[in-house]
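To start, the structure itself, in structure tokens.
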Amino acid sequence: MTREVPVAATVAELRAFVRTRRALGERIGLVPTMGALHVGHLSLIEAARQRADRVVATIFVNPTQFGANEDFSRYPRTFDADRAQLAQVEADLVFAPAVTEMYPAGFVTTVSLAGPASAELEDRFRPTHFAGVATVVAKLLNQAQADVAVFGEKDYQQLLVIRQMARDLDIPTEIYGAPTLREADGLALSSRNVYLSESERARAPSLHQALDAASRAIARGASIDETMTQARSAVTAAGFEIDYIEARDTQTLAPVTDGAVGALRILAAARLGATRLIDNVAVAAT
Ligand code: PAF
């Protein structure tokens with residue numbers, strides 16, 4: 001029988017765990033999540049496990065990163081199933097604070113961002129999102145004092161925002177970006193995939209297929225502008241409403257156009273019915 005994963009509900013309990021393990025000379029890995037865990041998250045735990053002796057997963061549906069019209073109240077909350085999955089991959093602790101533990105009465109501070117957070121991608125459609133993410137992640141990193149924290153490349157702009165925030169605020173935790181896990185048909189694993197109806201699920205892989213085709217075309221030397229136009233047409237034809245599909249500099253997220261030098265990333269967000277999917281792919285260096 002797998003062992004139950006202990007739960008810490010307070011920062012004091014989390015810090016006591018970390019202090020004890022550190023005193024034994026162990027490295028601590030942190031995997032922040034909002035729960036509704038799937039195998040993509042479990043791969044983040046495995047990535048942390050390879051870089052640390054003890055792995056702490058956090059489960060906190062962070063209200064401050066949801067906009068007024070977003071899915072905070074209907075976001076899937078599956079704590080018991082999450083904890084069972086964390087036991088399977090032998091996480092050492094779950095930190096699951098209440099909203100009042102993270103944001104006690106009188107809380108007023110927010111991290112203010114620029115750079116990758118104002119690249120006009122997610123931030124254009126979710127203007128308050130990254131301030132909420134960066135603030136909660138700064139808190140989690142300070143609370144846990146981990147050696148390494150793992151985030152998925154699926155939320156690529158988020159990963160760059162967190163890297164920049166940790167660097168700018170001198171947070172010593174190493175930020176590691178783990179590759180996106182996909183279904184066999186290419187759909188990126190996401191907690192929001194449960195919202196898709198059967199027919200939407202059947203069409204959903206078209207997003208990744210279009211990004212993948214665009215990535216290969218640009219790597220072969222095709223025009224970036226024309227390739228992105230074709231990718232947008234393919235995604236629209238599959239029934240999506242596109243928020244953005246863009247080729248960007250992989251480090252800065254600055255727009256790129258034909259003749260661009262350096263590594264590129266293609267990033268997308270598009271809505272299939274009521275569900276908003278995001279994805280991104282690297283463009284292989286030529
Ligand atoms: O990627 C997520 O699940 C969330 O944005 C994070 C990093 C856990 C912060 O709430």
Side-chain angles (χ1 to χ4, degrees), residues 8 11 14 29-45 47-48 55-67 70-79 81-83 85-86 91 93-99 101-103 107 109-111 113 116-117 119 121-123 125-144 146 148-167 169 171 173-181 188-195 267 269 275-280:
V11 177
L14 169 66
L30 185 76
V31 182
T33 82
M34 297 204 302
L37 301 184
H38 49 64
V39 292
H41 293 111
L42 303 185
S43 76
L44 305 183
I45 305 277
V55 179
V56 177
T58 78
I59 296 182
F60 180 63
V61 185
N62 174 37
T64 66
Q65 70 187 74
F66 288 80
E70 292 181 2
D71 56 350
F72 174 67
S73 55
R74 73 169 187 138
Y75 196 84
R77 287 163 173 85
T78 55
F79 184 74
D82 292 347
R83 196 172 165 210
Q85 291 195 74
L86 290 171
L93 186 75
V94 192
F95 177 51
V99 172
E101 178 74 6
M102 294 297 276
Y103 301 113
F107 183 94
T109 301
T110 302
V111 179
L113 305 161
L121 294 166
E122 280 304 287
D123 50 299
F125 298 89
R126 308 182 72 191
T128 58
H129 175 64
F130 286 126
V133 169
T135 303
V136 82
V137 172
K139 286 172 66 68
L140 291 167
L141 294 174
N142 282 329
Q143 290 162 349
V148 58
V150 178
F151 298 86
E153 280 188 348
K154 172 165 167 287
D155 295 291
Y156 190 75
Q157 189 179 4
Q158 166 175 284
L159 174 63
L160 296 190
V161 168
I162 290 169
R163 278 219 175 99
Q164 177 89 42
M165 179 275 293
R167 191 165 55 233
L169 299 184
I171 296 176
T173 306
E174 177 201 342
I175 306 298
Y176 177 74
T180 303
L181 246 63
L189 296 189
S190 163
S191 304
R192 291 190 166 96
N193 291 350
V194 298
Y195 300 150
L267 303 99
T275 308
R276 187 169 183 276
L277 300 179
I278 66 169
D279 203 347
N280 68 88

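Only heavy atoms go into these numbers, but all of them, side chains included; no hydrogens, no water, no symmetry mates. Counting starts at 1 for both ligands and their atoms, following the listed order.
- Distance CG/Leu113 to OG1/Thr135: 7.0 Å, rounded to 0.5 Å.
- A distance-only check finds no donor-acceptor pair linking the side chain of Thr180 to the backbone of Ala188 [under 3.5 Å].
- Each of the atoms 9 (C), 10 (O) of ligand 1 lies under 4.0 Å from some heavy atom of Val136.
- Scanning the protein for heavy atoms near atom 3 (O) of ligand 1, the closest one is Met34 CG, 3.7 Å.
- The distance from ligand 1 to the heavy atoms of Gln65 drops below 4.0 Å at these ligand atoms: 4 (C), 5 (O), 9 (C), 10 (O).
- Considering backbone and side-chain N/O atoms, Gln158 comes within less than 3.5 Å of an N/O atom of ligand 1.
- The distance from the CD atom of Gln158 to the CD atom of Gln65 is 6.5 Å, given to the nearest 0.5 Å.
- Not one N or O of Thr33 is nearer than 3.5 Å to an N or O of ligand 1, by distance alone.
- Taking a cutoff of 4.0 Å between a charged side-chain nitrogen and a carboxylate oxygen, Lys139 and Glu101 do not qualify as a salt bridge.
- Side-chain contact between Thr173 and Leu30 is absent, with no heavy atoms from C-beta onward closer than 4.5 Å.
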